[in-house]
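Heads up: the structure comes next, in structure tokens.
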Amino acid sequence: MTMITTINPATGEQINSYEPLNAKAASAKVDACHAAFLEWKTVSHEDRAKIITSIAQSLRDNTEELAQLMTDEVGKLIGDSRDEIELCASICDYTAEIGPKELADESRDPANAGRGIVTYSPIGVVYGIQPWNFPAYQVVRYAIASLMAGNGVLLKHAGNCTGSGLMLADIFAKGGLPEDLFTVLVIDHDVSDEVIAHDKVRGVTLTGSDNAGKHVAQEAGKLLKPAVLELGSNDAYMVLEDADVDQAAQICAQARLYNNGQTCINGKRFIVTEKVYDAFLEKFVSLFEAVKLGDPNADDSDMGPMARSDLRDTLQEQVEKSVANGARIECGGSIPDGKGNYYPATVLSDVAKGQPAYDDELFGPVASVIRARDDDDAMRLANDSRYGLGGGIMTKDTDRAIKMASQHFDTGMVYINVYGVADPTMPFGGVKNSGYGREHGGFGLKAFTNPKSIFVGAPS
């Protein structure tokens, strides 16, 4: 089998190599995870919560080592890597706090029995297939909720952050998680499909592209296995006629460039009303031109490299196709000389339907600016997408924006005059080709449970 090799995207140097498991070895690990689950499901909610709180501390205790490895493997700014680990720890804290109450048995009064009980039973082994852009967060987001619910957890991480996935398993173990309950599978895609089909795998979750989501949904669906899918998007940020242009430009720049522009809920399409278009574009471009590319370990770097050279090549092709179909480069737009997978902060204007910059997800630091006639037209353009993960509204009238968000914006998440990645207290997920199911906010705790009805009659 082909070795999995991790490469530092800032230098092009090899970090490590890993030998993938064959199908038989992977199956044995699934069996071991299932055996661990059979014990774990009998542990009380309160005792599970204590271990998850301990995992939070273990994450904090190992922040520097894990942050450095994530930066080395995927090119994240070192400060962002540290912030990501703290987010993971806060997810553990929140889950441990709310888990026992959210998962507690509920009483009912059925007509055909003396009393009724709804109990949230774990379903078994949950298999997660995760991407590279948040090597710790993507894992913790589904794994901690599933563990709190009483399930066993498997992870297939992206090849280029294999080391981060293995380090997380070690950190979980240091936090007191029982052996084999969280298991990393270093496998290829063919073996991954066999894992989905394994009779002891009861649920599947994936974060990735919509094409990957369709494949995994098909593999899980033909075996009637539940799935949660968090897929791609080309999130629209609307700049309405009454927006504060300076504030809007600052928020929109952050929304596009955070994590080197490689986040599913980055702002990607910026739909600006005619009234403020010219002023916004001028300010927006000036912010992008000021971005300093550099070593992700350096404090003065604003943006690091893209995670892989093939991803940068794809982004460049999308930019060139968009320009060939009428888009205009306002700044950036070409691969710089030198080592590393760097790509400049780029703004495209005159973006329209039929261009990749309008229709597709550009997973890198390229912003698509689209002109709208007025606020109503901006809302129409924002919803003109096969995706629906997140989006934003820039306006001084927050009450109106809340109404637009709740009644008209066809996405799973909306940010009004702010940009944010995720919060443990709020549901995370999308609609349309951005997937289905929700994580965070208590929703993820029950995603892979069996809400079981128990009818109790009086004994004779």
Side-chain angles (χ1 to χ4, degrees), residues 21-55 58 92 95-96 98-106 117-130 139-157 165-166 168-187 191-206 219-220 223-228 437 439 444-454:
L21 300 172
N22 60 30
K24 182 178 180 180
S27 180
K29 285 187 174 289
V30 176
D31 290 337
C33 186
H34 177 75
F37 152 72
L38 294 176
E39 296 291 329
W40 180 248
K41 73 175 184 176
T42 67
V43 174
S44 71
H45 295 144
E46 290 74 18
D47 286 343
R48 291 179 207 158
K50 289 177 183 177
I51 290 177
I52 287 171
T53 297
S54 181
I55 291 172
S58 184
C92 294
T95 303
I98 71 165
K101 181 179 179 180
E102 288 285 331
L103 295 166
D105 290 351
E106 299 174 9
I117 302 167
V118 177
T119 188
Y120 294 97
S121 300
I123 62 172
V125 174
V126 175
Y127 177 40
I129 305 166
Q130 298 302 317
V139 178
V140 167
R141 189 172 73 197
Y142 86 94
I144 292 299
S146 294
L147 290 167
M148 182 67 231
N151 296 308
V153 175
L154 303 170
L155 166 66
K156 179 197 178 300
H157 220 330
L166 292 169
L168 278 171
D170 183 59
I171 289 170
F172 282 21
K174 289 177 180 176
L177 193 69
E179 188 177 3
D180 298 323
L181 196 59
F182 175 76
T183 297
V184 178
L185 301 176
V186 181
I187 55 177
V191 175
S192 178
D193 285 351
E194 295 192 41
V195 172
I196 294 173
H198 196 293
D199 64 344
K200 290 184 175 65
V201 170
R202 294 287 300 277
V204 182
T205 181
L206 172 136
E219 294 298 308
L223 297 167
L224 300 179
K225 297 185 179 185
V228 171
E439 297 168 305
L445 281 169
K446 298 176 182 177
F448 293 108
T449 62
N450 169 19
K452 187 183 300 181
S453 298
I454 302 174

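Note that the coordinates shown come from a computational prediction; the quantities given were computed from them, not determined experimentally.
Under the 3.5 Å distance criterion, the side-chain polar atoms of Arg202 are left unmatched by any main-chain donor or acceptor of Pro226. A donor-acceptor pair is defined here as one N or O able to donate and one able to accept, closer than 3.5 Å; such a pair exists between the side chain of Thr53 and the backbone of Ala49.
The distance from the SG atom of Cys33 to the NZ atom of Lys200 is 11.5 Å, given to the nearest 0.5 Å. Going from atom NE2 of His34 over to atom CD of Glu39 covers 11.0 Å, rounded to the nearest 0.5 Å. Atoms CD and CD1, on Glu194 and Ile196 in that order, are 10.5 Å from each other to the nearest 0.5 Å. Note that CD1 of Ile52 and SG of Cys92 are 7.0 Å apart. Values are rounded to the nearest 0.5 Å. Considering CG of Asn151 and OG1 of Thr449, their distance stands at 8.0 Å, rounded to 0.5 Å.
Here the closest heavy-atom approach between residue Ala26 and residue Val191 is recorded as CB-CG1, 3.8 Å. Taking each heavy atom of Trp40 and Leu147 in turn, the nearest pair found is NE1-O, 2.8 Å. For the residue pair Glu106 and Lys446, the shortest heavy atom distance occurs at OE2-NZ, 4.1 Å. Minimum heavy-atom separation, Ala447 to Val228: CB-CG2, 4.1 Å. Residues Phe37 and Ile123 approach most closely at CZ-C, 4.3 Å, considering heavy atoms. Closest of all the heavy-atom pairs between Leu154 and Val195 is CD1-CG1, 4.1 Å.
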message = Test side chain to side chain contact (heavy atoms under 4.5 Å, CB included) on Leu445 and Thr95; report intermediate values, then the result.
response = CA-CA 8 Å; Leu445 281 169; Thr95 303; 3.7 Å; yes
task = Tell me, with the steps shown, if Tyr127 and Ile129 meet side chain to side chain contact (heavy atoms under 4.5 Å, CB included).
result = CA-CA 7 Å; Tyr127 177 40; Ile129 305 166; 3.7 Å; yes
task = Show the numbers, then the answer: is there a side chain to side chain contact (heavy atoms under 4.5 Å, CB included) between Tyr142 and Glu439?
result = CA-CA 7 Å; Tyr142 86 94; Glu439 297 168 305; 3.5 Å; yes
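Here the side chains of His157 and Leu166 are not in contact, with every heavy-atom distance at 4.5 Å or above. You'll find the side chain of Gln130 reaches within 4.5 Å of the side chain of Thr205, heavy atoms only. Between Lys50 and Asp47, some side-chain heavy-atom pair lies under the 4.5 Å cut-off.
Under a cut-off of 6.0 angstrom, the local environment of NZ in Lys225 is crowded, with over 12 non-hydrogen atoms contributed by other residues, nucleotides or ligands.
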Between side-chain atoms of residues 174-185 and protein atoms elsewhere (two or more places apart, or another chain), which donor-acceptor pairs fall under 3.5 Å?
from: Lys174; atom 1: NZ; to: Asp170; atom 2: OD2; distance (Å): 3.3
from: Thr183; atom 1: OG1; to: Asp180; atom 2: O; distance (Å): 2.9

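Qualifying salt bridge (Lys or Arg N to Asp or Glu O under 4.0 Å) partners for Lys452, counting only residues two or more places apart in sequence or in other chains: none. Every residue was checked against the side chain to side chain contact (heavy atoms under 4.5 Å, CB included) condition with Thr42, not counting sequence neighbours, and none meets it.
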